2 protein chains.
Amino acid sequence: MSHPFDLTLYLVTDPRQTAARGLSETVEQAVAGGATIVQLRDPDAKGRALAEQARALLTLLKPHNIPLIINDRVDVAAAVGAQGVHLGQDDLAPAVARAILGREAIVGLSIGSVEELAASDLGPVDYVGCGPVNATGTKGDAGGAIGVAGLNDLRARIQLPMVAIGGLKGEDVQGVMEAGADGIAVVSALCAAPDVAAAARALKASVLEFRRP
Amino acid sequence: MSHPFDLTLYLVTDPRQTAARGLSETVEQAVAGGATIVQLRDPDAKGRALAEQARALLTLLKPHNIPLIINDRVDVAAAVGAQGVHLGQDDLAPAVARAILGREAIVGLSIGSVEELAASDLGPVDYVGCGPVNATGTKGDAGGAIGVAGLNDLRARIQLPMVAIGGLKGEDVQGVMEAGADGIAVVSALCAAPDVAAAARALKASVLEFRRP
């Protein structure tokens, strides 16, 4: 049994987009607005710096009982006692993360196509992140946009909790939720918002409005 | 008690320098020439690719009883069952690696100055890599060259096994060994050699000749 988690509004951080406001400040405002889970993503950070960032976020998130997910670096998640990891298709395999982090860890996996799904062992996986729904400039290594149609294809084949990701804005929420996502993951829509908390509140209300019963 | 290891001739791989010959072929030839320990270093590789490279090297090295050390990625070392990790000052702390990998793992740490030494917890460390002795183009993030004098300074303050690193060629071996190194770590001197095995044999003979009794 992994830690409980709620994919409704999943914040993924970006070092460039949080630079001006600050990482902790951005996360704090997102949580104030209703973010339900946070992923620390900083692919260029060295291990020690990433661990320091993670520790700061854990301190901030713990009182809210919101899980912190580390992108890619299973060792950093283990080092700081984060609640989980999110793995791309090029990262270590989910089974490896499970073996290192133990039964309670939340293990997420990115799936961008039916082919990637077929090549993935979902046994050790707790949730999937599907996309990019729209083209996005944030992740240089993300595959092509799959659209709501692609999300529908994946939803029909995957029983696990699913969060939609990839350039999602308020106007996209209805479509991805009607495709059966359990929530939305966003980078720019929160990190680059003028008012992070207000943006979070609006997105969350929309997710809850359109979520399949 | 960590796995036994021998720092006499320590090969550090470089993806660009081994590209033409192949990683496994380069390592195989270095081992044929007498390399005693191998570090897989590929800072730009994603976790899954690095793990695949590591598994190939483990298969190759096991019959020779030569330990494989993974640069930076503690999780990859855990994933593949490598014998150890080598950590820079910006990587996860040695205590973290020890906690994740257990008592048998070999944990190495780079030390480039007396200041870095003072800031380091050597308790969980099995050996130190000191340098760069000479300026080197291989590691963009390495500090300034410390020379044989710098190596002497560190040797006087560190009881652990020490390998010298940083642009070392045959002509440097006498100096660094007389400064008290237990061996030399090389990238280019092996990876870029026309005949890797011959280069390894020559370097190893020189290390053994000049090693302090």
Side-chain angles (χ1 to χ4, degrees), chain A residues 15 40-55 58 69-82 84-102 105-112 116 119-121 124-125 139-143, chain B residues 15 40-55 58 69-82 84-102 105-112 116 119-121 124-125 139-143:
Chain A
L40 173 60
R41 182 173 185 276
D42 190 349
D44 297 329
K46 302 283 283 178
R48 202 168 297 197
L50 192 63
E52 278 169 25
Q53 293 178 344
R55 287 194 188 94
L58 280 171
I69 307 294
I70 307 295
N71 183 278
D72 174 25
R73 292 288 303 244
V74 178
D75 46 4
V76 171
V80 303
V85 285
H86 186 87
L87 303 168
Q89 291 284 323
D90 295 334
D91 297 333
L92 286 171
V96 164
R98 177 66 65 207
I100 294 173
L101 297 176
I106 303 165
V107 176
L109 179 68
S110 294
I111 305 241
E116 286 185 1
S120 298
D121 171 18
V125 173
K139 293 185 66 170
D141 59 346
Chain B
L40 174 60
R41 182 172 185 278
D42 189 349
D44 297 330
K46 302 283 284 178
R48 201 167 299 197
L50 193 63
E52 280 169 25
Q53 294 178 345
R55 287 193 188 95
L58 280 170
I69 307 294
I70 307 295
N71 183 279
D72 174 26
R73 292 289 302 245
V74 179
D75 45 5
V76 172
V80 304
V85 285
H86 186 88
L87 304 167
Q89 292 284 322
D90 294 334
D91 297 333
L92 286 171
V96 165
R98 176 67 64 206
I100 294 174
L101 297 176
I106 303 165
V107 176
L109 180 67
S110 293
I111 305 241
E116 285 184 2
S120 299
D121 170 17
V125 173
K139 295 184 67 170
D141 58 348

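When reading the values below, keep in mind they use all heavy atoms of this one structure, side chains included, and skip hydrogens, waters and symmetry mates. Order of the sequence lines fixes the chain letters, A, B, ..., with proteins taken first and strands second; residue numbering starts at 1 for each chain. Bear in mind the structure is a predicted one, so any value in this text is a computation, not a measurement.
Minimum interatomic distance between B/Arg48 and A/Pro94 (heavy atoms only, all atoms of both residues): NH2-CD, 4.0 Å.
Remark: of the listed residues A/Val74, A/Val96, A/Leu92, A/Leu92 is the sole one forming a side-chain contact (heavy atoms from CB on, under 4.5 Å) with B/Val76.
The CG atom of B/Leu101 sits 8.0 Å away from the CD1 atom of A/Ile100 when rounded to the nearest 0.5 Å. Within the model, atoms CG of A/Asp91 and NZ of B/Lys46 stand 4.5 Å from one another, a figure rounded to the nearest 0.5 Å. Taken from CG in A/Asp75 to CD1 in B/Ile70, the straight-line distance is 11.5 Å, to the nearest 0.5 Å. Between A/Asp72 atom CG and B/Arg73 atom CZ the span is 4.5 Å, to the nearest 0.5 Å.
Contact count versus chain A (heavy atoms, under 4.5 Å) is highest, among B/Ala77, B/Ala95, B/Ala93, for B/Ala93.
The side-chain hydrogen bond (donor to acceptor under 3.5 Å, both in side chains) search around B/Glu116 returns none, not counting sequence neighbours.
The part of B/Ala51 that comes within reach of chain A is its side chain, from C-beta onward, which places non-hydrogen atoms under 4.5 angstrom from that chain.
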